[in-house]
Amino acid sequence: MAITSPSERIWWKQPIARIELIWIIVAFIWGLIMFFMMIYWHGAGEQNLSNEAYKITPVRFAEKAQTMIDEYTVRQENGFPVVRPPPGSDVYLIARLWQWWPILELEKDQSYRLHLSSMDWQHGFSLQPVNINIQVHPGYDMVVTVKPDQAGEYGVVCNEFCGIGHHNMVGKIYVVE
Amino acid sequence: MAKTAEFRTCPTTGLKVDLTAERLIKANAVVAVVFLAIGGLFGLLVALTRWPAVHFLPADWFYLALTAHGFDVLLVWIIFFEMAVLYFASAVLLGSRLAGPKFAWAGFVLMLVGALITNVAVLRGQSSVMFTSYVPMMAEPSFYLGIILFAVGALIGVFVFFGTLVVAKQEKTYEGSIPLVTFGALTAAIIAVFTIASGAIILIPTLLWSLGFISYIDPLLYKTIWWGMGHSSQQINVAAHVAVWYAIAAMVFGAKPLSEKVSRMAFLMYILFLQLASAHHLLVEPGMSSEWKIFNTSYAMYLAVLGSMVHGMTVPGSIEAAQRARGLTKGMFEWLRKAPWSNPAFAGMFMSLVFFGFIGGISGVVMGTEQINLIMHNTIYVPGHFHGTVVAGTTLAFMSITYLLVPLIFRRELMFKKLAQWQPYVFGIGVAGISMFMMGAGTLGVARRQWDMTFADAQLPFDYPSAAFLMMGLNGMAAVMAAVGGLMFIVVVVGSVFFGRKLGIDEKPSYPEVPPQASESLSHYGSAEKLHIPGTVMLVSIFFIAFVLYYFVNWKYLSEVWPLS
Ligand code: HEM
Ligand SMILES: [Cu+2]
Ligand SMILES: [Cu+2]
């Protein structure tokens, strides 16, 4: 029994039943498939993180964002600037207690280099209803090249707990034709 | 240690039981259950708040309760119970005296004091940082101090376990190799050493930081090392509850492992392929390369997962073989249909096995896939997944073995037998419900650790789909069921332990039924040539098909979101 010492003293010399062996082999091959699937997706799939990231101070990141906001703001909405940067450009989204700043307006089927960083604590970039989720740290500038493929109005929810206003931290991204 | 240990002989198993070890097992188990009750209550409050129609707690209390829930159940309940498991698997199963009982008591006191300090810190309201306490969000110093003391206490307990193995070996209290269950506990203990070391490496500087002696802790570094503790502690839980599965199979059926070699190798995989850097918590963080993520989540071939999949066959397989040897050989499933479903130790253990595999296991591997994590990270899918592992799996397994420990170790007759009989079903199904409904809501984007899914006070509006609200409502109902199941457990156990009829010195408990000593023929069915376990093969095949389908369905979901690179 499992709660007593093995009844065969030399248990490591006992043969393994065929069915156990088969299952071990099946599980092992499945593990390999899952491993190669991730690599395969880097080549064939369209959803991969570039893992491009830089150390940056919050002040420096805010400056870069402000430059973009100054140049490309097209209107105001609820006190937020709505910024429409040119396709292909570097786009900055500030996470801070408790806002995603500014509102972005992107063009469908165009690529943008989206930069994410926090001014204070950690936040969670959660693009809805697409459901893309990326962790945002203070001190790191994470760059993701995004290519919105459907026009519409998207919410950016914060899904990393960031204090008492966490549930009020909502941002917006417009995707236009 | 001049004083020699005192023993009694167990009338059911004939094992020599060190009375000090017995007292330690009782103390650790009782404290564990008390914290399960407290933490479970917080869990209920959290779930009621996340039920949109109820929205029970105000925001600040919600985040406080969530911090307390995570700490009290995940750390305090589980680790106290694991201490009891370690002492049981060493001193009791090996019929040995416990090494250094004074140290064991010191460890117990440290853990208790630490748990209380952290709870007080949380209840004071300035430490609602979640049990993960990600920097730069800061808690009161005593929050970290309590966790550190708790961890030191646990480390002492782990070394007492190692010491006991040495003592038993030297004093030749057993012949041959240690039992499989002890081996499983040993893997858990080895992982615990690594876990607690990671915890110390990160929490001691964090304590100094909260006291103002250190000015900066890198948030990414913190997370990497913190999950060195947080992740590997989950591997402890898995090793411990798998050991408990084997123990229950042995105690209820007299089941013998199909192959000692295979089962032990599977345990060893947990140590060898422990994800040291806990990469799957860092899949969408800045600054980690894909090579690093892929290699570390899988170590190229998912060998720790392989370990669990092997146990997933050998545990039910050993039960099937034992049942068939008793003559329950009709069809594929007579052995399972005629299993003692009214014995809560078995019912709970079997549900733990099934839910851990189907709910917790599959979702964990899928979510831990580098790219798929993008559509799940930090959504409420994540708590859905780990209520499948650590609640439906570990907690339910620990509850089940408690039904055997009450008569065997506490020497009390189980009270409220009807309640006990239903308890695993109510709790198990409730927990399976919360796991799956949270996973469903997470798939629809709902954030975890979030007080208001309507965003009523946000500057910009946003609405989740109505299906998400439905899921969270169902989650609330399932949570009530789980909480009722938890309460039933507390009532049965606390009632029996304090008020149950004391068993006489030589009295064998009549309930739950424990089988007669395995007959000679039974202890040899495991031999490879005639192993016949078609029912288990069927169950494992269903599991495998579900796994493969669910895995690829999620790649399909992923392929539908915005292209990213
Ligand atoms: C009556 C039983 C339980 C219920 C109803 C319950 C419910 C919940 C709910 C609704 C959440 C919150 C999800 C969120 O908003 O992010 C949660 C979080 C959590 N639960 Fe439970 N739970 C129960 C038992 C347990 C047990 C026994 C454990 C551990 C063994 C556990 C471990 C956790 C952990 C670690 C978290 C995450 C806390 C955090 O995000 O910081 N739960 N639970
Ligand atoms: Cu935030
Ligand atoms: Cu937040």
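Residue numbers start from 1 in every chain, and the chains themselves are labelled A, B, ... in the order their sequence lines are given, proteins ahead of strands. A quick note: this is a predicted structure, and the numbers were derived from the prediction, not measured.
Both the backbone and the side chain of Asn48(A) have a heavy atom closer than 4.5 Å to some heavy atom of chain B. No part of Phe183(B) comes within reach of chain A, as not one of its non-hydrogen atoms sits under 4.5 angstrom from that chain. Only the side chain of Val365(B) comes within less than 4.5 Å of a heavy atom of chain A; its backbone N, CA, C and O stay farther away. Neither the backbone nor the side chain of Val446(B) comes within contact range of chain A; no heavy atoms are under 4.5 Å apart. Within the 4.5 angstrom heavy-atom criterion, only backbone atoms of Ile178(B) (N, CA, C, O) approach chain A. Within the 4.5 angstrom heavy-atom criterion, atoms from both the backbone and the side chain of Val310(B) approach chain A. Interface remark: Met376(B) contributes backbone atoms only to the contact with chain A (heavy atom separation under 4.5 Å). Contact annotation for Ile372(B): neither backbone nor side-chain heavy atoms come within less than 4.5 Å of a heavy atom of chain A. Proximity to chain A (any heavy atom under 4.5 Å) is restricted, for Asp218(B), to the side chain, taken from C-beta onward. Residue Leu94(B): no heavy atom, backbone or side chain, is found under 4.5 Å from chain A.
Ring pair Trp555(B)/Trp41(A) is tilted by interplanar angle, where 30° to 60° counts as tilted.
Salt bridge status for Arg449(B) with Glu160(A): present, with a side-chain N to carboxylate O gap under 4.0 Å.
Both tests do not hold together for Arg264(B) against Trp12(A): distance to the six-membered ring centre under 6.0 Å, angle to the ring axis within 45°.
Ring centroid separation for the pair Tyr154(A) and Trp562(B) comes in under the 6.0 Å cut-off. Aromatic pair Phe547(B)/Trp30(A): centroids less than 6.0 angstrom apart. Ring centroids of Tyr63(B) and His167(A) are separated by less than 6.0 Å, placing the two rings close together.
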